[in-house]
Colleague: 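Mind having a look at this structure? Questions to follow.
A, B, ... follow the sequence lines: proteins, then strands. Residue 1 opens every chain. Atom set for the values below is all heavy atoms of this structure, side chains included, hydrogens, waters and symmetry mates excluded.
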Protein chains: 2
Amino acid sequence: MLFTVDPSRSEAVYAQVMHEIRQRIARGLLNAGDRLPTVRDLAQTLVVNPNTVGKAYQLLESEGVISTRRGVGTFVADVSPKLSLSARRERVNELLDRLLTEAYHMGFNQDSLMDTIEKRMKSFQTSGSRRRGQ
Amino acid sequence: MLFTVDPSRSEAVYAQVMHEIRQRIARGLLNAGDRLPTVRDLAQTLVVNPNTVGKAYQLLESEGVISTRRGVGTFVADVSPKLSLSARRERVNELLDRLLTEAYHMGFNQDSLMDTIEKRMKSFQTSGSRRRGQ
DNA sequence: TATTTGTCCTAGATGAACTAGTACAATATA
DNA sequence: TATATTGTACTAGTTCATCTAGGACAAATA
């Protein structure tokens, strides 16, 4: 499990760690029950302070994405959104609006964007890791 | 033309202004040649410093989204992406990965996300403001 | 009991964001 | 030409998030 962060990016290091973990779960590279590196190990790998990794883990736990057990370790949680349905929809819609806006300015029309989305969706998740629910 | 920002959000004020303008252009609410408020006017409306609005305008100009003329005002530019095609694709793909990740954690499967995207696309742009290019 | 692991705390450094105030440069207009 | 408008530039200072360093504690395991 190879992790990296880019300190030259404007995004905070702890946020990069969060996004990386969220994405690996979404892609099926990490599954419920899988163990994550210890805060100290990951901090050494990334050459950052253990507190920074701890912050990422704590926030992810508050979102219900992972679960930590003191003295034991940190593990990928079962998927069970903590937010209300409307709040979840709003979050997706906000990101979606961002995407539509950015795509427009990057010269994509709706058809070419749709193509891009369909292709990316297919390759995004590893086979056999799709969700059923809505 | 009503602008607002939410200072309680974590996103910087100047970045909120940028996103708002970008989105209005993408939706067809602002068109090439349209005039934006002066930095002083918009600053007063938003109850922020004129420098903050100026920063947003400068960054948008460096992206080629708007064009400023000292002593005259600030105007929506013609759409002509400054980045290379591969850079533009990368930017869209990064945002797209974010969306796919977030949607997963918000309990959307690929089908329900696709529905959401299609619906939002249709209502996003005002009629008669679609792009032709790719 | 000793080790591992997440958590907490204090203290300090750095940089981004923002405000305030002033001044200047370019353009348009009376 | 003079005046007003508008974007830009500059300095100085405040606030806040991020990150580091170092140490200590709490819970679980071996």
Colleague: Can you tell me how far C1' of C:dC9 sits from CG of A:Asn49, to the nearest Å?
Modeller: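 About 13 Å, once rounded to whole Å.
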Colleague: Any side chain to side chain donor-acceptor pair (under 3.5 Å) pairs touching residues 4-13 of chain A, not counting sequence neighbours?
Modeller: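 Every side chain to side chain donor-acceptor pair (under 3.5 Å) pair that includes a residue of residues 4-13 of chain A, provided the two are not neighbours, is A:Asp6-A:Ser8, A:Arg9-B:Glu94, A:Glu11-A:His19, A:Glu11-B:Arg98.
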Colleague: Measure from NZ or CZ of B:Arg27 to the centre of the six-membered ring of B:Phe124, then state whether that distance is under 6.0 Å and the direction lies within 45° of the axis.
Modeller: yes
Colleague: Please name the pair of heavy atoms, one in B:Asp78 and one in B:Ala32, separated by the smallest distance, quoted to 0.1 Å.
Modeller: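 That would be OD1-CB, 3.4 Å.
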Colleague: Name the residue closer to the 5' end of DNA chain D, choosing between A:Ala15 and B:Gln58 according to the nucleotide with the nearest heavy atom.
Modeller: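 Its nucleotide being nearer the 5' end, the pick is B:Gln58.
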Colleague: Would you mind reading off the distance between B:Leu46 atom CG and C:dT19 atom P, rounded to a whole angstrom?
Modeller: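 Computing the B:Leu46:CG to C:dT19:P distance gives 10 Å.
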Colleague: Contact class for B:Thr74 (heavy atom, under 4.0 Å): base, sugar-phosphate, or nothing?
Modeller: sugar-phosphate
Colleague: Taking OH from A:Tyr57 and C1' from C:dC8, how many angstroms apart are they, rounded to a whole number?
Modeller: 18 Å
Colleague: Reading DNA chain D from 5' onward, which residue's closest nucleotide shows up sooner: A:Thr52 or B:Arg69?
Modeller: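 Counting from the 5' end, the first nearest nucleotide belongs to B:Arg69.
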Colleague: To the nearest Å, how far apart are A:Asn51 CG and C:dC8 P?
Modeller: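 Value for this atom pair: 11 Å.
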Colleague: Which nucleotide in the set D:dA24, D:dG7, D:dC19 lies at the smallest distance from any side-chain heavy atom of A:Arg40?
Modeller: D:dA24
Colleague: Whole angstrom is fine here: how far is it from CG in A:Leu59 over to C1' in D:dA17?
Modeller: 13 Å
Colleague: Please walk me through it: do A:Asp115 and A:Ser112 pass side chain to side chain donor-acceptor pair (under 3.5 Å)?
Modeller: CA-CA 5 Å; A:Asp115 279 354; A:Ser112 62; over 6 Å; no
Colleague: Give A:Glu11 one of three labels, base, sugar-phosphate or nothing, depending on what nucleic acid heavy atoms sit under 4.0 Å from its own.
Modeller: nothing
Colleague: Once you round it to whole Å, what is the distance between P of C:dT3 and CG of A:Asp41?
Modeller: 17 Å
Colleague: Measure from CD on A:Gln44 to P on C:dT4 and round the result to the nearest Å.
Modeller: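 Going from A:Gln44 (CD) to C:dT4 (P), I get 13 Å.
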